[in-house]
Amino acid sequence: MLYSMKQTCEKTGMTYEALKFYCNQGLVPRVKRDRANRRVFDEQDIAWIEGLGCLKRCGFSIREMYHYMELCLQGAASIPERKTILDEKRQALREQIAQLEEVVAYVDNKQAFYDRVLAGEQPYFSNLLADVQPGTADR
């Protein structure tokens, strides 16, 4: 079965503009066209397009996506290099997750402090206001 651009966008969650951009950049190899010269996609294309979306969310640049695609087109011989690329991106993602966990912990602590202040369980203090007792709550 072949899918139109709109159907492909619906199946992949990609915007029409993004899909068109990726096609124009050559990131969707062997794009097929219907009799009206409109792009159409099969299941393999859709799987690749979903992969492009994941690569984008992983932080791949267009140039990196293109390089990765070129490696994929080389077949199994390029798997070690692809694994290295993905390992590096995975490590960067893990570092981002750790940073986000620190930020979430800060927000959780701040919310708990505000809850205690609002409940009358703790006096309010701020590092920003001279007339309020200094502390660590509003740094």
Main-chain N/O of Asp34 paired with Arg38 side-chain donor or acceptor, under 3.5 Å: no
Within a 6.0 Å radius of atom [atom1] on [X], are there more than 12 heavy atoms belonging to other residues, nucleotides or ligands?
X: Arg90; atom1: CZ; result: no
X: Lys56; atom1: NZ; result: no
X: Glu121; atom1: CD; result: yes

Any idea which heavy atoms bring [X] and [Y] closest together, and the distance?
X: Leu52; Y: Met65; answer: CD2-SD, 3.9 Å
X: Leu73; Y: Arg30; answer: CD2-NH1, 3.5 Å
X: Trp48; Y: Cys72; answer: CZ3-SG, 4.0 Å

How far does [atom1] of [X] sit from [atom2] of [Y], to the nearest 0.5 angstrom?
X: Ser61; Y: Leu55; atom1: OG; atom2: CG; answer: 10.5 Å
X: Ile46; Y: Gln7; atom1: CD1; atom2: CD; answer: 8.0 Å
X: Gln111; Y: Tyr106; atom1: CD; atom2: OH; answer: 11.0 Å
X: Glu102; Y: Ile97; atom1: CD; atom2: CD1; answer: 13.0 Å
X: Thr12; Y: Leu19; atom1: OG1; atom2: CG; answer: 6.5 Å

According to a 4.5 Å side-chain heavy-atom criterion applied to Ile, Leu, Val, Met, Phe, Trp and Tyr, with indirect links allowed, do [X] and [Y] form part of one hydrophobic cluster?
X: Leu118; Y: Phe113; answer: no
X: Val28; Y: Leu71; answer: yes
X: Met5; Y: Val31; answer: yes

Which atom pairs, donor and acceptor, lie under 3.5 Å between side-chain atoms of residues 79-87 and protein residues at least two apart or in another chain?
from: Glu81; atom 1: OE2; to: His67; atom 2: NE2; distance (Å): 3.1
from: Arg82; atom 1: NE; to: Ser78; atom 2: OG; distance (Å): 3.0
from: Arg82; atom 1: NH2; to: Gly75; atom 2: O; distance (Å): 2.7
from: Arg82; atom 1: NH2; to: Ser78; atom 2: OG; distance (Å): 3.2
from: Thr84; atom 1: OG1; to: Pro80; atom 2: O; distance (Å): 3.1

Pair Gln99-Glu95, side-chain donor/acceptor within less than 3.5 Å: no
Chi angles and distances behind the side-chain contact (heavy atoms from CB on, under 4.5 Å) call for Met1, Asp42: CA-CA 6 Å; Met1 177 169 190; Asp42 60 23; over 6 Å; no
Partners passing side-chain hydrogen bond (donor to acceptor under 3.5 Å, both in side chains) against Gln74 (at least two apart in sequence or in another chain): none
With the side chain counted from C-beta on, respond yes when [X] and [Y] share a heavy-atom pair under 4.5 Å apart, and no when they do not.
X: Ile62; Y: Phe21; result: yes
X: Lys32; Y: Leu2; result: yes
X: Arg63; Y: Tyr66; result: no
X: Leu93; Y: Cys58; result: yes
X: Thr8; Y: Asp45; result: no

Residue pairs involving residues 15-25 (criterion side chain to side chain donor-acceptor pair (under 3.5 Å); sequence neighbours excluded): Asn24-Arg39
Quiz item: cation-pi between Lys11 and Tyr3, 6.0 Å / 45°: yes
